[in-house]
Amino acid sequence: MNFQYTEEQLMVRDTARAFAKEVLAPKATERDEKELFPWEELKQLGKMGFCGIQIPEEYGGAGMDTIAYSLMIEEISRGDASVGVILSVTNTLAGYPILKFGTEEQKQKYLPKLASGEWLGGFMLTEPQAGSDAGAQKTFAEDKGDHFVVNGTKNFITTGANGDVFIVTCVTDPSKGSKGTSSLIIEKNFPGFIVGKKEKKMGIRASDCAQIVFDNCIVPKENLLGKMGEGFKIALSVLDSGRIGIASQALGIGVAAMEAAKEYGLQRYQFGQPITNFQAIRFKFADMMMKLDAGRLLTHRAAWLKDQGLPYSVEAAMAKLYTSQICVEIANEGVQIHGGAGYMKDYSAERHLRDSKVCEIYEGTSEIQRFILANSLLGRN
Ligand code: CAA
């Protein structure tokens, strides 16, 4: 077992850390308050290779491994969790499925655009009646020979309003349940692609989240991803990979919350000394450190397994479940250490707490991660 990062992984971590500190963090609160989509910052991240960090160089990407990806998402999320999720989704939920299941033509057409950040990608699985029960799809893609006609509604789509290309799970044979679903690559410019309600969120407010309506949307047949009937399995395997990204985002939010509390605690005097002198506060920091380290080890193990081509669904679920839970705990303790000041908008602590919560919800709630873990141990009941 080797716990040492490679030179390349460290270079990615340090570059992302510097960008997060110097470029992202100073305006993260303003973007959150005004719900400003980080267009300019994403343009720079595209140039740095962070929009397609695992896409091979032959398709314009940086060709790095999943541990480098995880380190990058953690550091970027430390500066701004909204940018973290946009990058996680475009890298793992859009670029990765095209790389894994796409035809050579699909790779040539979409990967260079995603890798450069010229296009942002998204993923559409959730529907009004299909949340945790993701198999209950209704969006119907009617096979018309050389094209599909898609009708339906997708909910809570990250980068839905601002993204360019999406991996969309659709029903193609309603008689076969989840085995009658297929995955389509749908561009926002296809006729019948309509951006519906733009959501107002509790946290990660600089990332957009929208409802998408397909109204007789015309999708060319060559945009079928993988085989007919494989849509649900593609979606679930893509989510395994996505969960490593969300676990990394949760780590970044947790580190940001801990660092903010440290900075405040060291200069906040009560009873004639910094509050970090008191054991009640010191022990909180000890627990934060340990939890973040344990979460990072779980996340990097899942990333390593993925890079070896070994099964990693359970390990990714475990990493996402644990890191999202500790991220909320740490962000909550961060507000507590700030006391009254932590409840106010003058400090970033409250933003970290608001940002943390979604990590326990998207890409499978904590209850769904526990369902996956329990099934792997006990079998399906
Ligand atoms: N990879 C590949 N195939 C898989 C798989 C995986 N990880 N997990 C299961 N499968 C296969 C099964 O083997 C099964 O195949 P067979 O029928 O051939 O045996 C098939 O898929 C169906 O599996 P299940 O019977 O287990 O499916 P289910 O209907 O019981 O659902 C679930 C399982 C785990 C609950 C799944 O529905 C799930 O993960 N739900 C959560 C959905 C989710 O994460 N949504 C997130 C939305 S995206 C998002 O949040 C993005 C964002 O904004 C940031």
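Nothing here was measured: the structure is a model prediction, and the numbers come from that model. Residues take their numbers from the sequence shown, with the count starting at 1. Counting starts at 1 for both ligands and their atoms, in listed order.
- At a 4.0 Å heavy-atom cut-off, ligand 1 does not touch Gln369 at all.
- Contact annotation for Leu93 and ligand 1: only side-chain heavy atoms (C-beta onward) come within less than 4.0 Å of the ligand.
- In terms of protein heavy atoms, atom 50 (O) of ligand 1 is closest to Glu363 N, 2.8 Å.
- Atom 16 (P) of ligand 1 has Lys179 NZ, 3.5 Å as its closest protein atom, hydrogens excluded (heavy atom only).
- When the options Arg243, Lys233, Met124, Arg380 are ranked by their closest heavy atom to atom 30 (O) of ligand 1, first place goes to Arg380.
- From Ser348, atom OG reaches atom OH of Tyr264 across 12.5 Å, with rounding to the nearest 0.5 Å.
- The closest protein non-hydrogen atom to atom 52 (C) of ligand 1 is Thr158 OG1, 3.4 Å.
- In terms of polar-atom proximity, defined here as any N/O pair under 3.5 Å, Thr126 makes no such contact with ligand 1.
- Of the heavy atoms in Leu236, both backbone and side-chain atoms come closer than 4.0 Å to ligand 1.
- Of the possible polar contacts, none joining the Glu350 side chain to the Val335 backbone as a donor-acceptor pair under 3.5 Å is found.
- Only the side chain of Val89 comes within 4.0 Å of ligand 1, counting heavy atoms alone; its backbone N, CA, C and O stay farther away.
- Residue contacts with ligand 1 for Ser132 involve N, CA, C or O but no side-chain atom from C-beta outward (heavy atoms, distance under 4.0 Å).
- Among Phe123, Tyr362, Phe371, Tyr312, the residue whose heavy atom lies closest to atom 32 (C) of ligand 1 is Phe371.
- For the pair Lys154 and Phe166, the NZ or CZ position fails the cation-pi test of under 6.0 Å to the six-membered ring centre and within 45 degrees of the ring normal.
- With respect to atom 31 (O) of ligand 1, the closest heavy atom belonging to the protein is Phe232 CZ, 4.0 Å.
- Both the backbone and the side chain of Ala134 come within 4.0 Å of ligand 1, judged by heavy-atom distances.
- No more than 12 heavy atoms of other residues, nucleotides or ligands sit less than 6.0 Å from atom NZ of Lys21.
- A donor and an acceptor atom, one from each side chain of Gln9 and Asp65, are located under 3.5 Å apart.
- Of the protein's non-hydrogen atoms, the one nearest atom 7 (N) of ligand 1 is Asp240 OD2, 2.8 Å.
- No more than 12 heavy atoms of other residues, nucleotides or ligands lie within 6.0 Å of CD in Gln279, so this atom counts as exposed by the packing criterion.
- Taking the six-membered ring wherever Trp is involved, the centroid distance between the rings of His300 and Tyr5 falls below 6.0 Å.
- The closest side-chain donor-acceptor pair between Asn155 and Thr126, if any, does not fall under 3.5 angstrom.
- Tested against Lys291 for a side chain to side chain donor-acceptor pair (under 3.5 Å), the candidates Gln325, Glu333, Glu329 yield a single pass: Glu329.
- Counting only distance, with no hydrogens or angles, the side chain of Thr172 and the backbone of Gly180 share a donor-acceptor pair below 3.5 Å.
- Remark: atom 12 (C) of ligand 1 lies closer than 4.0 Å to no protein heavy atom.
- Considering each of Ser237, Gly245, Ser313, the one bringing a non-hydrogen atom nearest atom 1 (N) of ligand 1 is Ser237.
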